[in-house]
Each structure stands twice: as C-alpha cells, then as structure tokens.
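Hydrogens, waters and symmetry mates are skipped; everything else that's a heavy atom, side chains included, is used.
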Amino acid sequence: MTKENKMGVMPIKKLIVTMSLPMMISMMVQALYNVVDSIFVSQIDEEALTAVTLAFPMQNLMIALAAGTGVGVNALLSRSLGEKKFDISDSAANASLLLTVFNYAVFLFIGIFFTGSFIASQTHNPIIHEYGNTYLSIICTCSVFLFFQVTFERLLQSTGRTVFSMISQASGAITNIIFDPVFIFGLGPFPEMGVAGAAYATILGQLVGSLIGLYCNLHYNKDIKLSLKSIFHPSLQVIKEIYFVGVPSILMMSIGSAMTYMMNRILESFSSTATAVFGVYFKLQSFFFMPVFGLNNGLIPVLAYNYGARKKARIIEALKFAIILAVSIMLVGMVTFLVIPDVLLSFFTASDNMLLMGIPALRIISLSFPLAGLCIAMGSIFQAFSKSIYSLAISVGRQLVVLIPVAWLLSKTGSLDLVWCAFPIAELSSLLLSSYFFRKLYRQTVSVL
C-alpha cells in the first residue's frame, strides 16, 4: 500500500512551517544577495547602480519564464501525487527539463542581439548604456544555469522537499555574495571586472545552485523518476496542462517587467537618480516580499495536494494560517521602511540628492505592504487550483491599468513624491479585485468539497 505524502497527513500549521520556512530562508538569502550585489555595484558609481536597475526588467522576464513554467509543473505534479496518478507526475517532472532548454534558447537569442537596444530605450547616458549592455548581455547569454536552477528547485518543492530547495537556492546566493567583491574589484588572482564582475558572480551562483538542485533531485526526490528517454519523449497533453496553468503565471510575472520598464522611463524624466532610487527600493523590499513569496510557494503544493485528496478542512486551515503570516511579515516591512529609511539608503552609498528623493519614496510605497501580503496569500489558491488566469487579471489591473497610468499622470505635476503614491493606490485596487476572485473561486471549489 502506497504511503501517503506528508502534505495529506501532517498537522497544517506544522506542515506550512515545514514546507515554507526553508523557502522563506532561502529567499531571504536571495534577498540578501540582491541587496549586497547592488551595494557593491553602487561603490563603482551611481551610474553603475542605475544601469543594473535598467537591466532588471529583462532579468525579471527571465525569472518570469522560468518560475511561471515551474508554477505549472508544481500545480500538476502536486495534484497528480494527491490523486495517486504517478505516471502523470513523472511525465510532468521530465517534461519540465525539456521546457527548460527551450526557455534558455529564447534568452540566448536576446542576449546576443537585443540587450544594447533594450538599455538604450531607457537612457541617453552613454556611461549608463555601456554598463547596462555589458551586464545584461552576460546575464542573458549565460542564463542556462538560472533556468535549470529554478526547475530543479520547483521539482523539490512540488514533492514537499523544500529543505533541499532551500539548500540549492541558498548555496547559489551565498556563492554569488562571496564572489561579487572578488570579481567586481579584482581581489586575489582575479582581475578587476567592474559591472561585468557582478554579472559573472551571478552566473557562478546560478551554476552552483543548479548543480546542487540536480544532485538533490537525483538522490533524494523519490516521488519522481527522471530519465533521458522521458525527457526527450514528452507527453503533449502534459505540456498542455503545464502551460494551461503556467502561461497565465508567466504573463503575470512578465507584467512586472513591463511595469518596471515603464516606471524607469517615467522616473528618467526626473533624473537618473530617481531611477536609482527605484532600483534601491526594489532591492530593499525583497527582504519582506521574498519571505512572503516563499510562504506562497510552500502553500501552493499543500493546497493542490489536499484539493486533489478532497480534504476541505485542511485547505481552509492552510489559507487562514498563511494569510495571518503574510500580513504580519509585511507589517514588519512597513514599520521598517517608515522608521529607518535613511539607514537603509545609506547602505547604497546614497548621495544627499538620493537621500532627499529616497526617504519619502520608501515611506510612501511601504504603506502598500500589508495590502500586498494579503493579496499574495489569497492568490495562492488561484495557482493551486489551476486558475492562474485570475492572478493574471489582478496583476494586469494593479500594474498596467492602475499603477503605470496613475504614476504617469502624477508625474505631470512635477512632483516626484506624488509619483510614489501610485503604489498604495494600485495595491488597494489589487485587494478589491483579489477579494472578488477569491470569494468566487472559494464558492466554486472549496465550498463544494
């Protein structure tokens, strides 16, 4: 008789903590890497910091394609395990590796031909353009390790082995942190590479993370069976089901790239320093958003498994517990940004001008944090129950229908502080839409179990 996965029998609060805590820790390490990376880059000069900010939308697009595909794999694989359909779960795991190769090919092409024009569309400063093109071309052409790292981590998460996922992600991030100053400033036998060094340190971290993820899947992930034959002979039906959930998630995360790209252009009309402030905000907010996303990643397979197993009480308890945790984390983030914004900005060698722009920016934007935590926790049910289209609608509404138009209109006043107000306004609209879809899906699924 097949032993049931822990996602169907372990007490919910303990399960959520067990599943989410390793990912929250690994994402905190990832957030630390993001901050440390920018701290080192800012020591080159402010133009270098701005250049990395301009490269971020394309980096985020890579992550969107990798993680969005992973969401589709995660939902199908976890649900299939809950339904005891092990042939489908194995097929999903193997198909994900082939899809990873295709995803990399897209960004290899972009890295060779389009990074220069992408950076040029956001700035007319030749120094920033040179920095940005150098950094982004390396990141794109060597992104194969990013795609495999994300895929291997998602496979571990799908079967509840989040400790190994944590080890993979944390090892990559720590490697990155260690080699950032070595490659950027030329420590020991390594030459000084500047912004290129930051890119190579990122690639090295992704290489380490992907190798560890592969090892953990082959040796410890007993719920799936990987084979070369299955990888190169995928089920088209399985791929269709993966992308049925994954495409809305990819589009949803890609909207973040579109938003940051357009915000960069809006802020550039004020100054490159305003763009740098926006980049610093994105790095700092990851300390609080990343743990909530880690919680979300741990919650999705729990919800999917118990939905497949038709265990209503466990679904309800998991949702309530996750919402409380998510909002609590974001309240801490809001208080931190409100109380010590000057301290946070000082880590990035902030000039007096950057402090003047950055302090009100952090305080105003942080007002949206608790609302964002609530929306992220509620949104987990959309992905777990294969309704990522709802998440897509919410993301489009928040970032493209509300945030960018409001920010653009407020920029016409000539007040940069008013532009930052677009963030809490957009988050409030997101909460209203999230609540509507959540109640609708809950009535259609959980209530009838």
Side-chain angles (χ1 to χ4, degrees), residues 56-57 60 64 68 71 247-267 277-278 281-282 284-286 288-290 292-293 295-296 299 319 322-324 326-331 333-335 337-338 360-385 387-413 415-444:
F56 178 77
N60 191 62
V71 166
V247 166
S249 296
I250 291 168
L251 293 175
M252 179 181 65
M253 288 183 253
S254 299
I255 288 165
S257 293
M259 181 275 289
T260 53
Y261 175 82
M262 287 185 278
M263 280 298 298
N264 285 342
R265 297 195 62 166
I266 291 170
L267 295 170
V277 166
F278 183 54
Y281 155 72
F282 249 94
L284 291 172
Q285 58 90 27
S286 65
F288 303 100
F289 276 83
M290 284 292 198
V292 176
F293 286 130
L295 171 64
N296 186 60
L299 180 61
L319 283 169
I323 287 172
I324 292 171
V327 174
S328 298
I329 292 169
M330 297 307 280
L331 281 171
M334 183 183 73
V335 171
F337 274 49
L338 288 173
L362 297 188
R363 285 177 171 159
I364 293 169
I365 298 174
S366 69
L367 298 176
S368 66
F369 283 10
L371 301 179
L374 181 56
C375 291
I376 293 168
M378 287 196 299
S380 61
I381 196 173
F382 306 146
Q383 296 170 329
F385 295 175
K387 290 291 184 179
S388 294
I389 190 68
Y390 291 164
S391 296
L392 174 60
I394 293 165
S395 189
V396 169
R398 180 173 65 87
Q399 299 186 79
L400 299 186
V401 177
V402 179
L403 177 59
I404 293 301
V406 170
W408 179 78
L409 287 171
L410 293 175
S411 72
K412 297 305 177 183
T413 67
S415 171
L416 180 59
D417 289 351
L418 284 179
V419 174
W420 308 124
C421 293
F423 285 87
I425 292 171
E427 210 59 62
L428 180 59
S429 70
S430 175
L431 177 60
L432 295 174
L433 199 54
S434 295
S435 299
Y436 169 76
F437 284 129
F438 180 86
R439 286 195 300 268
K440 179 181 178 180
L441 183 58
Y442 188 90
R443 288 195 300 267
Q444 293 174 343

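The CG atom of L432 sits 11.0 Å away from the CD atom of E427 when rounded to the nearest 0.5 Å. Between the CZ atom of F423 and the CD1 atom of I364 there is a distance of 11.0 Å, given to the nearest 0.5 Å.
The aromatic rings of F282 and F278 stand perpendicular to each other, their planes meeting at an angle above 60°, with 30° marking the opposite boundary. Between F369 and F288, the ring planes are tilted. Angles from 30° to 60° get that label.
A 4.5 Å side-chain heavy-atom check between L392 and I255 finds at least one atom pair inside the cut-off. Looking at L416 and L267, their side chains come closer than 4.5 Å, going by heavy atoms from C-beta outward. In this structure, the side chains of I381 and Y390 stay at 4.5 Å or more apart for every pair of heavy atoms.
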Quick one: do M378 and L431 satisfy side chain to side chain contact (heavy atoms under 4.5 Å, CB included)? Show the steps, please.
-> CA-CA 9 Å; M378 287 196 299; L431 177 60; 4.0 Å; yes
Kindly determine whether I394 and F382 satisfy side chain to side chain contact (heavy atoms under 4.5 Å, CB included), including the steps that lead there.
-> CA-CA 11 Å; I394 293 165; F382 306 146; 3.5 Å; yes
Mind running side chain to side chain contact (heavy atoms under 4.5 Å, CB included) on F337 and I365 for me, showing each step along the way?
-> CA-CA 9 Å; F337 274 49; I365 298 174; over 6 Å; no
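Under the side-chain contact (heavy atoms from CB on, under 4.5 Å) rule, L418 has a single partner from L410, V406, L409, which is L410.
Scanning both residues, L400 and P405, for their nearest heavy atoms gives O-CD, 3.0 Å. When all heavy atoms of A377 and L319 are compared, the closest pair comes out as O-CD2, 4.5 Å. Contact between V327 and G373 at its shortest, heavy atoms only, is CG2-C, 4.4 Å. Residues S430 and C375 approach most closely at OG-SG, 3.6 Å, considering heavy atoms. Closest of all the heavy-atom pairs between I404 and M259 is CD1-O, 3.6 Å. Here the shortest heavy-atom pairing between M263 and A407 reads SD-CB, 3.8 Å.
With hydrogens and angles ignored, the 3.5 Å screen pairs a side-chain donor or acceptor of S411 with a backbone N or O of W408.
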